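Worth saying up front: this structure is predicted, and the values here are computed from it rather than measured.
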Amino acid sequence: MTLDLTSLDPCVHCGFCLPACPTYAVTGDEADSPRGRIVLMRALERNEIPADDPAARQHLDTCLGCRGCEPVCPSGVGYGRGLEATRELLARKNGLTLLSRLLLGTFGNSLWGRPFFFLLKTLRSLGLADSLSGSGRIGFGLGMIAATKPVHRDGVPPRNTKGDPRGTVRLFTGCIMNGLFSHVHAATRRTLEANGYKVIETERQVCCGALHAHAGDHKGAVRLAQTNLAAFGSGTEPIVVNSAGCGALLKDYGHLLGRAEGEAFGRRVSDVSELLYAAGPRPGGELSVEVAYDAPCHLQHAQRVQAAPLAVLSAVPGLRLRVLPGSDRCCGSAGIFSALQPTMSRAVLEDKIASFAEATPRLDFVATGNPGCHMQIGAGLRAARLPIQVAHPVELLDWAYELGGVYGSKEYGIRSKE
């Protein structure tokens, strides 16, 4: 295949990207920075080094793909697209690792995914994931599963019967979100309905393909994207997503597929925080908690959505919101990166966990809008034995609405639970 690196053409090797790169901060190696990796990509493009060169592959494989370098680049380099094109080349020439194939096959295939997620939820519900979590590789993985449990359990109120003054939206359910975070989907539906949206389901939708695209499995990502285009059709209803990683790729389906239908689909996609921000959102009951917001890379850097999640959290009376230093830096999750590159992943996470540990007064929650970040940070907090929970912003808003009687209000059109 011809390696298309035109998105990297504006690079003048100024070095502004170096301080923004989490892996460069860990190793101090120029080859582990965006500038150094661009040099390697160009060398591959010119056939100056072979695609199976172990050193080049190591430096490119340990890139998180967080795109934190893009907002600080004065030249507008599209590093993320260049990286994905390069990883596609490397995957075609060298193949994917067995672990990559297993993970991508599980997430991209509902027949494999259902029993896999059932097993993980069983470990979570029995308390085994929590009790066996720790700092070792297996313990950390169990900590990631334990971190997915809901922060607030309550009955599901009836749906809004007062109409939909803000219009109808379709919920994108995804794979990991559907498998381990169905409670976040429920909170998304309730909070959107409470703010005047009608939320409907879409059958036959599948994984967004982001994990595949980031790993270099371009064909797998395209296959999943085409399935989603067929499932959602050519309607105009907004598509709401509550996973930052999914949202970034869904909005970029035009580039992935190279088709006008993909562009039209991408324009329909909004993060749940964007829709709630457009609606206000309405305030809920008082929830007296200390919360630090940690921005998912693919929401802050890729989608450039920054104010909306803060507005959602600020709509909760009593919630004391903080944005700590380093909140815009990658946590080290990066899709399946934490499984493929555990040492680098944990090294990137260390400073973030230290920041949470040092926060005064002590935090009750870290809020973040991406499942990988949620699980990575949650596992890190458990490994450090810090009694801090991780929550999606809509979970906290949903909890406040329950406390404030929003779901039982006349305006919402339903009776309070007895």
query = So, is the end of the Arg170 side chain (NZ or CZ) under 6.0 Å from the ring centre of Phe232 and within 45° of the ring's axis?
reply = no
task = Using atom types as modelled and distance alone, determine if a side-chain donor or acceptor of His212 lies under 3.5 Å from a backbone N or O of Leu104.
result = yes
remark   = Note: Arg124 and Ile145 closest approach over all heavy atoms is CD-O, 3.8 Å
request  = Would you check if Pro309 and Leu299 make a side-chain contact, meaning some heavy-atom pair closer than 4.5 Å?
outcome  = yes
note = Here the gap from Cys17 atom SG to Arg67 atom CZ, rounded to the nearest 0.5 Å, amounts to 14.5 Å
Nearest atoms (heavy-atom pairs only) where Pro34 meets Cys69 = CG-CB, 3.6 Å
Min side-chain heavy-atom separation Val289-Val316 under 4.5 Å = no
ask   = Does Met344 reach the side chain of Thr27, with side-chain heavy atoms less than 4.5 Å apart?
value = yes
ask   = So do the side chains of Arg37 and Met41 get within less than 4.5 Å of each other, counting heavy atoms only?
value = yes
key: Shortest non-hydrogen separation from Ala20 to Val72 and the atoms involved   = CB-CG2, 3.8 Å
ask   = Do side-chain atoms of Arg346 reach the backbone of Thr343 as a donor and acceptor pair under 3.5 angstrom?
value = no
key: Positive for side chain to side chain contact (heavy atoms under 4.5 Å, CB included) with Cys331, one of Val348, Leu64, Leu349   = Leu349
request  = Mind jotting down which residue pairs meet the salt bridge (charged side-chain N to carboxylate O under 4.0 Å, His left out) criterion with at least one end in residues 16-31? Sequence neighbours excluded, please.
outcome  = Glu30-Arg35
inquiry  = How long is the straight-line distance from CZ of Phe337 back to OG1 of Thr62, given to the nearest 0.5 Å?
reply    = 6.0 Å
Backbone N/O of Ala295 and side chain of Asp328: donor-acceptor pair under 3.5 Å = no
message = Within the structure provided, determine whether Tyr407 and Asp398 are in side-chain contact (heavy-atom separation under 4.5 Å).
response = yes
query = Are the side chain of Asn228 and the backbone of Val206 linked by a donor-acceptor contact shorter than 3.5 Å?
reply = yes
message = Apply side chain to side chain contact (heavy atoms under 4.5 Å, CB included) to residues Glu201 and Arg189 and explain how you reach the verdict.
response = CA-CA 10 Å; Glu201 309 295 330; Arg189 293 185 189 99; 2.8 Å; yes
query = With sequence neighbours left out, which residue pairs that include part of residues 386-397 fulfil the salt bridge (charged side-chain N to carboxylate O under 4.0 Å, His left out) condition?
reply = none
ask   = Taking only residues at least two apart or on different chains, which pairs with a member in residues 366-394 satisfy salt bridge (charged side-chain N to carboxylate O under 4.0 Å, His left out)?
value = Asp130-Arg382
inquiry  = For Phe172 and Cys246: C-alpha separation, side-chain torsions, deciding distance, then whether side chain to side chain contact (heavy atoms under 4.5 Å, CB included) applies.
reply    = CA-CA 9 Å; Phe172 183 81; Cys246 296; 4.2 Å; yes
key: Selection residues 38-58 - residue pairs positive for salt bridge (charged side-chain N to carboxylate O under 4.0 Å, His left out), sequence neighbours left out   = Asp9-Arg42, Arg42-Glu45, Arg46-Glu48
remark   = To the nearest 0.5 Å, atom CG of Asn94 lies from atom CG of Leu89 at 8.0 Å
Flag for Tyr277-Asp271: side-chain donor and acceptor within less than 3.5 Å = no
ask   = Are Arg81 and Glu70 close enough for a salt bridge, meaning some N to O gap below 4.0 Å?
value = no
ask   = How many angstroms lie between atom CZ of Phe181 and atom NE2 of His392, to the nearest 0.5 angstrom?
value = 9.0 Å
message = Within a 6.0 Å radius of atom CG on Leu98, are there more than 12 heavy atoms belonging to other residues, nucleotides or ligands?
response = yes
inquiry  = Please find the pair of heavy atoms, one from Ala383 and one from Ser135, that lie closest to each other, and give the distance.
reply    = CB-CA, 3.9 Å
request  = Walk me through it: do Asp61 and Leu340 pass the test side chain to side chain contact (heavy atoms under 4.5 Å, CB included)?
outcome  = CA-CA 9 Å; Asp61 285 347; Leu340 302 178; over 6 Å; no
note = Scanning both residues in full, the closest heavy-atom pair of Tyr253 with Cys208 reads OH-O, 2.7 Å
query = Does Thr148 use its side chain to pair, donor to acceptor, with the backbone of Met144 at less than 3.5 Å?
reply = no
remark   = Applied to residues 285-300, the side-chain hydrogen bond (donor to acceptor under 3.5 Å, both in side chains) test, sequence neighbours excluded, yields Ser288-Arg320, Glu290-Arg320, Glu290-Arg322, Asp294-Lys352
key: Verdict with supporting geometry, Leu257 and Leu229, side chain to side chain contact (heavy atoms under 4.5 Å, CB included)   = CA-CA 10 Å; Leu257 299 174; Leu229 252 63; 3.7 Å; yes
message = Return the CG to CG distance between Leu396 and Leu321, rounded to the nearest 0.5 Å.
response = 10.0 Å
inquiry  = Between Arg101 (side chain only) and Gly95 (backbone N and O only), is there a donor and an acceptor less than 3.5 Å apart?
reply    = no
request  = Decide yes or no for Val312 and Thr191: does some side-chain heavy atom of the first lie under 4.5 Å from some side-chain heavy atom of the second?
outcome  = no
ask   = What side-chain hydrogen bond (donor to acceptor under 3.5 Å, both in side chains) pairs are there with at least one residue in residues 355-373, not counting sequence neighbours?
value = Ser243-Asn370
task = Could you check whether the rings of Phe107 and Phe117 sit parallel, tilted or perpendicular, using 30° and 60° as the cut-offs?
result = parallel
ask   = Any sub-3.5 Å donor-acceptor pair from His214's side-chain atoms to Ala210's backbone N or O?
value = yes
message = Closer than 3.5 angstrom, by distance alone: can the side chain of Asp4 be matched with the main-chain N or O of Thr6 as a donor-acceptor pair?
response = yes
inquiry  = Between Glu88 and Arg92, does the salt bridge (Lys or Arg N to Asp or Glu O under 4.0 Å) criterion hold? Intermediate values first, please.
reply    = CA-CA 6 Å; Glu88 180 188 354; Arg92 289 193 181 189; 2.9 Å; yes
key: Rounded distance (nearest 0.5 Å) linking atom CD of Gln376 with atom OG of Ser345   = 3.5 Å
ask   = Do you know which two heavy atoms are closest between Thr23 and Asp32, and how far apart they sit?
value = OG1-O, 2.9 Å
task = Report yes if some heavy atom in the side chain of Leu256 is under 4.5 Å from a heavy atom in the side chain of Asp252; otherwise report no.
result = no
inquiry  = When you compare the side chain of Thr122 with that of Leu128, does any pair of heavy atoms fall below 4.5 Å?
reply    = no
